[in-house]
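Here is the structure we will look at.
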Amino acid sequence: MTDLRLFDTYTRSVRAFKPLEDNQVRLYACGLTVYDYAHIGNLRTYIFEDLLRRTLEFNGYTVNHVMNITDVGHLVSDADTGEDKMEKSAQKMGKTAWEIAEYYTQAFIQDFARLNIKMPTVLCRATDHIQEQIDFIRCIEKNGYTYATSDGIYFDTSRLSDYGYLARLDVEGLQAGSRIELGEKKHPTDFALWKFSPKDQQRQMEWDSPWGKGFPGWHIECSAMSVKYLGSFFDIHCGGEDHIPVHHTNEIAQTEACYATHLANFWMHGYFLQLDEAKMAKSAGGFIRLQTLIDKGYDPLAYRFFTMNALYRAKLNFTWEGLDAAAKSFDRLRLMAYRWGAPGSVDEGFVDQFREQINDDLNFPRALAVTWELTRSALPDSTKKATLLVFDQVLGLGLADWQPPEQVIPDEILALAESRTKMRQEKRWAEADALRDQIIAAGYEIEDTPQGPRIKSR
RNA sequence: GGCGACGUGGCCAAGUGGUAAGGCAAGGGUCUGCAAAACCCUGAUCACGGGUUCAAAUCCCGUCGUCGCCUCCA
């Protein structure tokens with residue numbers, strides 16, 4: 001039995017993981033901003049978090065998994081510039097910001113189901129927690145970390161001596177090489193806690209607050225909701241690598257200002273999926289969603305499998321060739337498992353090897369190598385099946401229920417196959433092969449088995 | 001301009017001091033009337049140049065290349 005070890009961005013080291021309390025793991029994951037569909041890069045991070053959760057559960061822990069949905073629009077920068085993404089998307093679609101948020105939230109939940117990602121225990125929307133956010137800001141204000149400008153209430157990052165520790169930010173360097181306009185902010189790293197609604201226009205999403213009508217800054221929702229559901233210091237906080245320098249850094253700043261903790265015992269980050277060596281961004285074209293893959297005939301779980309062939313802590317390059325390779329090997333694996341039949345007894349030796357790999361900071365590439373070793377082993381099929389199903393509690397590939405899709409083979413193809421069988425029985429090989437060529441030309445392939453020919457579409 | 005990461009066989013990707021997991025593709029073989037499927041086998045000295053060490057893909061320095069962050073972003 002190997003202990004679970006996880007990489008913690010805060011300390012930049014792999015550390016032994018133990019829950020802060022009993023066998024309960026309190027896990028917070030940053031969710032999606034629902035102004036558009038999730039792309040497969042976003043989804044890579046949620047698959048990583050699902051694998052983390054399942055690994056924790058495999059180790060016997062109960063996981064309280066909280067994820068936020070960012071359904072408040074935010075400006076493109078903390079300064080008073082740019083457009084609001086929610087409101088812009090609403091305008092484009094001819095719907096309200098609220099309808100947009102709901103629509104994309106549902107789409108997001110559907111993607112989770114299709115990827116076999118377990119639903120978080122709590123899925124919380126920022127707009128359902130405005131009061132909690134206001135209370136949190138008041139706490140920060142009371143402790144003297146805020147200042148007001150003409151457009152909002154800001155966090156004064158210079159008040160924290162270790163601001164930016166998570167990202168190892170070089171605050172001086174940021175000031176020197178700064179590309180951002182300061183506006184009324186005192187320091188480049190200061191950020192908005194509450195933004196005022198523009199005086200000349202009515203926002204669709206705005207609320208009253210002690211400071212005036214407006215809406216919360218982006219970072220405060222995660223601090224307020226994680227504290228509400230998990231307490232001011234919990235086990236693991238995760239998100240995408242892009243959150244390290246800004247979002248998570250600011251969440252920590254807010255929590256330090258109010259509760260004097262750095263919020264989570266472990267900070268974990270999923271690394272980017274890249275598209276042909278370039279970033280996949282909603283704003284920069286190159287936007288592939290799960291539905292795009294499905295439309296091209298891929299099983300969503302093949303994408304899940306694809307991401308598991310790389311470490312969560314390394315960038316992964318997406319190519320169609322790479323996805324094909326994953327889809328093909330995944331199909332082989334589950335067809336093999338299907339043909340193994342009913343599960344028998346579990347081989348604990350293989351389970352130990354598997355556990356050793358996933359407990360080593362979620363080394364799924366290695367865990368899959370163990371899986372392939374299992375398939376090649378001399379164990380009885382029923383043992384392989386039972387053992388693989390244990391692995392699948394973590395892999396989440398739906399191997400227990402999967403069966404080959406029912407294929408309707410057209411009568412004319414069946415007729416051709418039948419004639420071919422007859423020809424073969426009469427050893428009229430040339431004619432039999434001609435019939436096979438016809439079947440292949442029609443888009444089917446034929447395998448001769450002891451039980452007779454097996455036909456499937458290609 | 002500042003900060004950081006990465007560069008492993010045809011492709012994807014593990015391994016971070018003791019002579020390179022795994023998957024896909026390719027080649028060879030077994031099986032087959034021939035195929036297909038399945039199974040077996042084969043292949044990389046780790047971007048380049050120096051250095052440290054008995055020993056380096058793995059540590060240090062330099063060069064080249066790619067990418068990310070610094071602005072909402074998984």
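Proteins come first, then strands; the chains are lettered A, B, ... in the order of their sequence lines, and each starts at number 1.
Taking a pair to require two hydrogen-bonding distances under 3.5 Å in either a Watson-Crick or a G-U wobble arrangement, rG4(B) pairs with rC67(B). Across all strands shown, rC59(B) forms a Watson-Crick or G-U wobble pair, both distances under 3.5 Å, with rG51(B). When both pairing distances are held under 3.5 Å, rC34(B) makes no Watson-Crick or G-U pair with any nucleotide shown. Figure legend. rC39(B) is base-paired to rG29(B); pairs are counted as Watson-Crick or G-U wobble with both atom distances under 3.5 Å. The partner of rU16(B) cannot be assigned: no Watson-Crick or G-U wobble pair with both contacts below 3.5 Å exists in any strand. Remark: rA21(B) base-pairs with no nucleotide; criterion is Watson-Crick or G-U wobble with both hydrogen-bond distances under 3.5 Å.
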Any N/O pairs under 3.5 Å between the protein and nucleotides 37-42 of chain B? List them or say none.
none

Every protein N/O within reach of nucleotides 25-31 of chain B N/O, cut-off under 3.5 Å:
residue, atom, partner, partner atom, Å
rA25(B), OP1, Lys328(A), NZ, 2.7

Each nucleotide N or O in nucleotides 32-34 of chain B that has a protein N or O under 3.5 Å away: list the pair and distance.
residue, atom, partner, partner atom, Å
rG33(B), O6, Arg424(A), NE, 3.0
rG33(B), N1, Asp433(A), OD1, 3.0
rG33(B), N2, Asp433(A), OD2, 2.6
rC34(B), O2, Arg436(A), NH2, 2.5
rC34(B), N3, Arg436(A), NH1, 2.9
rC34(B), N3, Arg436(A), NH2, 3.4

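Atom CG of Asn68(A) is separated from atom C1' of rA74(B) by 12 Å (rounded to the nearest Å). Computed from coordinates, the Lys315(A) NZ to rG4(B) P distance equals 18 Å when rounded to whole Å. rA74(B) atom P lies 10 Å from atom CG of Asp36(A), rounded to whole Å. One interatomic measurement links the two molecules: CG of Asn317(A) to P of rU8(B), which rounds to 11 Å at whole-angstrom precision. Whole-Å rounding puts the Tyr163(A) OH to rC70(B) C1' distance at 12 Å. Put simply, NZ on Lys185(A) is 12 Å from P on rC70(B), counting in whole angstrom units. Put simply, CZ on Phe215(A) is 12 Å from C1' on rC72(B), counting in whole angstrom units.
Distance alone, capped at 3.5 Å, places no donor-acceptor pair between the Arg366(A) side chain and the Gln357(A) backbone. At least one donor-acceptor pair closer than 3.5 Å links the side chain of Asn309(A) to the backbone N or O of Phe305(A). The backbone N or O of Thr189(A) lies less than 3.5 Å from no partner atom in the side chain of His187(A), so there is not a single donor-acceptor pair. Not one N or O on the side chain of Lys118(A) forms a donor-acceptor pair closer than 3.5 Å with the backbone of Asp50(A).
Across all strands shown, Arg366(A) has heavy atoms under 4.0 Å from base atoms, whether or not it also approaches the sugar-phosphate. Gly239(A) comes within contact range of the sugar-phosphate backbone alone, with a heavy-atom separation under 4.0 Å but no base atom that close. Residue contacts shown for Leu316(A) are limited to sugar-phosphate atoms, with no base heavy atom under 4.0 Å away. Nucleic acid contact class of Pro365(A) (heavy atoms, under 4.0 Å, all strands): base. Among the heavy atoms of the strands, none lies under 4.0 Å from His247(A). Across all strands, Leu311(A) comes closer than 4.0 Å only to sugar-phosphate atoms, never to a base (heavy-atom distances).
In this structure, a donor-acceptor pair under 3.5 Å is absent between the side chains of Asp347(A) and Thr387(A).
When the ring-ring contact (aromatic ring centres under 6.0 Å, His included) test is applied to His243(A), the partners found at least two apart in sequence or on another chain are Trp218(A), His247(A), His248(A). Shown here are the ring-ring contact (aromatic ring centres under 6.0 Å, His included) partners of Phe364(A), two or more places apart in sequence or in another chain: there are none.
Looking at the side chain of Tyr46(A), the nearest of the listed nucleotides rG15(B), rA74(B), rG68(B) is rA74(B). Distance from the side chain of Trp372(A) is smallest to rG22(B) among rC11(B), rG15(B), rG22(B). Taking every side-chain heavy atom of Ala325(A) into account, rG23(B) is the closest of rG23(B), rA13(B), rA74(B). When distances are taken from the side chain of Leu273(A) to each of rA74(B), rG15(B), rA13(B), the shortest belongs to rA74(B).
Look at Asp361(A) and Arg313(A) and you find a salt bridge, because one of the NZ, NE, NH1 or NH2 atoms lies within 4.0 Å of a carboxylate O, short of that distance. Electrostatic pairing of Arg424(A) and Asp448(A) counts as a salt bridge here, judged by a charged N lying under 4.0 Å from a carboxylate O.
Comparing Gly240(A) and Asp360(A) along RNA chain B, the residue whose closest nucleotide (by nearest heavy atom) sits nearer the 5' end is Asp360(A). Residues Ser329(A) and Asn363(A) each lie close to RNA chain B; by heavy-atom proximity, the contact nearer the 5' end of the strand is made by Asn363(A).
Side-chain atoms of Phe306(A) and Phe330(A), non-hydrogen and from C-beta on, never get closer than 4.5 Å to each other.
Remark: the separation of the P atoms in rU63(B) and rC3(B) is 14 Å, to the nearest Å. Taking the C1' atom of each, rG18(B) and rC12(B) are spaced 28 Å apart, rounded to whole Å. Going from the P atom of rG65(B) to that of rC48(B) covers 16 Å, rounded to whole Å.
Closest of all the heavy-atom pairs between Thr70(A) and Asn68(A) is OG1-ND2, 3.2 Å.
Taking the centre and axis of the six-membered ring of Tyr154(A), the NZ or CZ atom of Lys185(A) falls outside the cone set by 45° and 6.0 Å.
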Please list every donor-acceptor pair under 3.5 Å in which a side-chain atom of residues 7-15 of chain A meets a protein atom from a residue at least two apart or in another chain.
residue, atom, partner, partner atom, Å
Asp8(A), OD1, Tyr10(A), N, 3.1
Asp8(A), OD1, Trp267(A), N, 2.8
Asp8(A), OD2, Thr11(A), N, 3.4
Asp8(A), OD2, Thr11(A), OG1, 3.0
Asp8(A), OD2, Arg15(A), NH1, 2.7
Thr9(A), OG1, Trp267(A), O, 3.1
Thr9(A), OG1, His269(A), ND1, 2.8
Thr11(A), OG1, Ser13(A), OG, 2.9
Arg12(A), NE, Thr9(A), O, 3.0
Arg12(A), NH2, Leu166(A), O, 2.6
Arg15(A), NH1, Asn265(A), O, 3.0
Arg15(A), NH2, Asn265(A), OD1, 3.2

What verdict does the side-chain hydrogen bond (donor to acceptor under 3.5 Å, both in side chains) test give for Arg53(A) and His65(A), after you've listed the backbone C-alpha separation in whole Å, the side-chain angles of each residue and the deciding distance to 0.1 Å?
CA-CA 8 Å; Arg53(A) 171 177 171 176; His65(A) 179 192; 3.2 Å; yes
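Side-chain N/O atoms of Thr33(A) include one lying less than 4.0 angstrom from OP1 or OP2 on rA74(B).
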